[in-house]
Number of protein chains: 4
Amino acid sequence: MPIVSEEHKNQRKKQILDSALACFSQKGYDVATIDDIVKHSGISKGSIYNYFKSKEEIYIDLLEVSTKNIYDELTVQINKLHTAIDQMKFLFDYLIDQDPSTELQKDYSLVKFEFQLSSSRNEELKEVLENSLKDTKMKIIEGILSKGVISGEFRKELNIEVYAEMFWSFVDGATLQNLLFPNYPYHELLKEQKSIFLKKVIKP
Amino acid sequence: MPIVSEEHKNQRKKQILDSALACFSQKGYDVATIDDIVKHSGISKGSIYNYFKSKEEIYIDLLEVSTKNIYDELTVQINKLHTAIDQMKFLFDYLIDQDPSTELQKDYSLVKFEFQLSSSRNEELKEVLENSLKDTKMKIIEGILSKGVISGEFRKELNIEVYAEMFWSFVDGATLQNLLFPNYPYHELLKEQKSIFLKKVIKP
Amino acid sequence: MPIVSEEHKNQRKKQILDSALACFSQKGYDVATIDDIVKHSGISKGSIYNYFKSKEEIYIDLLEVSTKNIYDELTVQINKLHTAIDQMKFLFDYLIDQDPSTELQKDYSLVKFEFQLSSSRNEELKEVLENSLKDTKMKIIEGILSKGVISGEFRKELNIEVYAEMFWSFVDGATLQNLLFPNYPYHELLKEQKSIFLKKVIKP
Amino acid sequence: MPIVSEEHKNQRKKQILDSALACFSQKGYDVATIDDIVKHSGISKGSIYNYFKSKEEIYIDLLEVSTKNIYDELTVQINKLHTAIDQMKFLFDYLIDQDPSTELQKDYSLVKFEFQLSSSRNEELKEVLENSLKDTKMKIIEGILSKGVISGEFRKELNIEVYAEMFWSFVDGATLQNLLFPNYPYHELLKEQKSIFLKKVIKP
DNA sequence: TATGAATGAGAATTCATTCAT
DNA sequence: AATGAATGAATTCTCATTCAT
């Protein structure tokens, strides 16, 4: 018989994660302190430790929840479309429109990149990344590509895995550059890449 | 021991930077401690602070020196070639051969990516990145592209800046993915990208 | 323990300042360490830094609080007396009675002298000294002198500022010598000075 | 058979002590570093440790040498005068003329006060102070006073020790205030004190 | 003698986590 | 559940002193 509703608890957790996102984005995970989150969220230190058992748990939860939110929504939109080509175009356009991304998008991207980097040194984080984040992203593009191959829209001999990796490595690379350099031609690059990628993939 | 040769001092500095690279790569800049560098290098803490005035200075020097070493060498090799197409191919092949890159290469890449991330939160680092690291990389590719445009090898209407950014965003993106995911098809991706890029760039 | 009364927090602060006084007095500000204060007070290092943000802040607070306590009390006592001559005599007697002063008095005096010295090299300390410490002391003596001039007890042509400075320079000088040399004839000197000073000041 | 002449060694020592005086005055003994002295003197660290076995020894030597220099010279001048009254007047005038003292005078005074303070916490320093510094100063004034009593210039019943202490406690107090407060009326105070002191001391 | 690189104990300060209220 | 005071291990950096050259 909980004193506080599940609803309220989720609300509280979300509040903490939102603040954590802001703080980790601004200062980086290692430099940001629990006190930063306290100040940003207005929630006491003790309370934060009621909801999460460590700073690292906040980090992991943050990434899992954010990623899920973003890609679930995207998947729904993509599945509304009927051809692989349309889906592919939609995915590109969706990513192109992200710039000039919202502050939230930017925060998320920064934190995600740092997480990826940290994960290369920390087994627990790596597992989260592999199982949760990477998987979600790859499923989307692999889904579209195999759908296209099956439907005959895309080239039969297409190496799906390579093209899927190629897709995200370019997008992630561009997103990173875009975060780091103010005049980065994100739009142009993605548009260019869209046309190149489609030409390579679509059956001539 | 004093009144020691400049040679010896440079050797000592290099030793410290080498250890710093290993430590920063293994744990990340924030988590790695000066004591880690002490342990790894066998040089005392006091001595390290005789050569560098802060942990941050080690970080910056490390990036500047490493980058200079890598790209100076690369530039020399490229300049030996006479056509832009050969230079472009050489650059791709050079990058393709980097994988499965030495441990040192990997360490450098990891640290460089973390540096890029940190630089988005720290003006001093950002300046180093802009003035030193980014600049060096961009000059190489822009040099090749403009040489090709002038010589007539490449398309006249080529937007050099966009293609230069595109080139590195892809390479950096792939390098990052390669670092993070063991089965990343780095070779295939770069080869594919080489053929795509050349086709786009070379006058038909 | 949190959500603790303001009372308790003030008590804690006082405890830290008391220990700081003891430590700074015993070893000097620069030589005394935070660990000394930890050991003396039984309060953990982290806690001390919850109450004061630096060693220097402890120093400044210590001086301000101590001075305020001492001179506020003294001012109250002086204001109970109705003639400037009585006030002047009381002030001398009060200072004469300070010797052989309590340990606390001695500690305070030592720390105060060191603070004065440090303040000649540190703008922040100098400001505290000028605005808080010096001012408080000068107000007391200037108050008495001008009261005496107005009431006709003291010589009309008395240069109040000069005599005020003279008063404290002598007292502070004697206090310092007294601290430093065990057989210093503090009593006799102040009694002598009392009679000289009064004779010079009182209208013949 | 020394390689370097005694002359040269003394010259070197003096150079170090001069720099030490400047550094200790500017930053205080604890804060000033051997490297500060190295920088100021142009003499290497190793060399400094050839001439003095520790930072503290520099401190002690500095005080002893400076004090000796100052008071030896003063004693010579005083002994040229034939009456105690003239000597007393000369001493006052000498001290009055010290303000606006030279930078060197100021440095010496600051360092001397700090030394006095430190000596209250350090037996070795205390001994130096008692045996060397205090003694020298007291001898001068006690010499004059007893000469005056014997010659009949001064009051027979004069308590020489008390008046000697009183003299220096006032002078040192004023010197300290003068160092610390830019507008301190050092001249006026000493002139005033000169007339008071002489009146009290000279046989009516 | 002169040099200045090397050393490491020790300083101030921070911060994730705990826990009494 | 919520609070925020308390803790102390861990961090960066300093500096008197030593000693090989």
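This one's a predicted model, so the numbers in the text were calculated from it and none came from an experiment. Below, chain A is the first sequence line, B the second, and so on; all start at residue 1.
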Which pairs, with at least one residue in residues 111-120 of chain D and sequence neighbours excluded, count as a salt bridge (charged side-chain N to carboxylate O under 4.0 Å, His left out)?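 Qualifying pairs, neighbours excluded: C:R121-D:E114, D:K112-D:D172.
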Can you tell me which residue pairs pass the salt bridge (charged side-chain N to carboxylate O under 4.0 Å, His left out) test with a partner in residues 15-29 of chain B, sequence neighbours excluded? B:K14-B:D18, B:K27-B:D36
Closest-nucleotide ordering on DNA chain E, the 5'-leading residue of B:K9 and C:S47: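 So the residue in question is B:K9.
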B:L62 versus B:L17, closest heavy-atom pair with distance: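 Closest approach of B:L62 to B:L17: CD1-O, 3.5 Å.
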Would you please confirm or rule out a distance under 4.0 Å between OP1 or OP2 of [N] and any side-chain N or O of [X]?
{"X": "A:R12", "N": "F:dA1", "value": "no"}
{"X": "B:Y49", "N": "F:dT14", "value": "no"}
{"X": "C:K55", "N": "E:dA12", "value": "yes"}

Between [N] atom [atom2] and [X] atom [atom1], what is the distance in whole Å?
{"X": "D:H8", "N": "E:dT1", "atom1": "NE2", "atom2": "P", "result": "10 Å"}
{"X": "B:E57", "N": "F:dC13", "atom1": "CD", "atom2": "P", "result": "10 Å"}
{"X": "C:I16", "N": "E:dT13", "atom1": "CD1", "atom2": "P", "result": "14 Å"}
{"X": "C:K45", "N": "E:dT14", "atom1": "NZ", "atom2": "P", "result": "12 Å"}
{"X": "C:I43", "N": "F:dA6", "atom1": "CD1", "atom2": "P", "result": "8 Å"}
{"X": "D:K53", "N": "F:dC19", "atom1": "NZ", "atom2": "C1'", "result": "19 Å"}
{"X": "A:F52", "N": "E:dA16", "atom1": "CZ", "atom2": "P", "result": "15 Å"}
{"X": "C:E56", "N": "E:dA11", "atom1": "CD", "atom2": "P", "result": "18 Å"}

Distance under 6.0 Å and angle within 45° of ring axis: B:K13 vs B:F52: yes
Of all residues at least two apart in sequence or in a different chain, which pass the side-chain hydrogen bond (donor to acceptor under 3.5 Å, both in side chains) check with A:S119?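 Applying side-chain hydrogen bond (donor to acceptor under 3.5 Å, both in side chains) to A:S119 gives none.
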Do C:R12 and C:Q15 have side-chain heavy atoms sitting under 4.5 Å apart? yes
Could you tell me if the side chain of B:I60 sits less than 4.5 Å from the side chain of B:E124, heavy atoms only?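 B:E124 vs B:I60: side chains touch.
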Under 3.5 Å side-chain donor-acceptor pair for D:T67 and D:Y108: yes
For DNA chain F, just give me the dot-bracket, please: Watson-Crick or G-U, both distances below 3.5 Å, ( ) intra-strand, [ ] crossing earlier pairs, | paired with another strand, . unpaired. .||||||||||||||||||||
The side chain of A:N50 lies closest to which of these nucleotides: F:dT17, F:dA5, F:dT3? F:dT3
Of all the choices, E:dT7, F:dA1, F:dG4, which nucleotide is nearest to the side chain of A:S44 once you look at every atom?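 The answer is F:dG4.
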Which of residues 17-40 of chain B sit near DNA chain F, with a heavy atom under 4.0 Å from it?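 Heavy-atom contacts with DNA chain F come from B:A32, B:T33, B:I34, B:D35.
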Looking at residues at least two apart in the chain, or sitting in another chain, which of them share a salt bridge (charged side-chain N to carboxylate O under 4.0 Å, His left out) with B:E57? B:K53
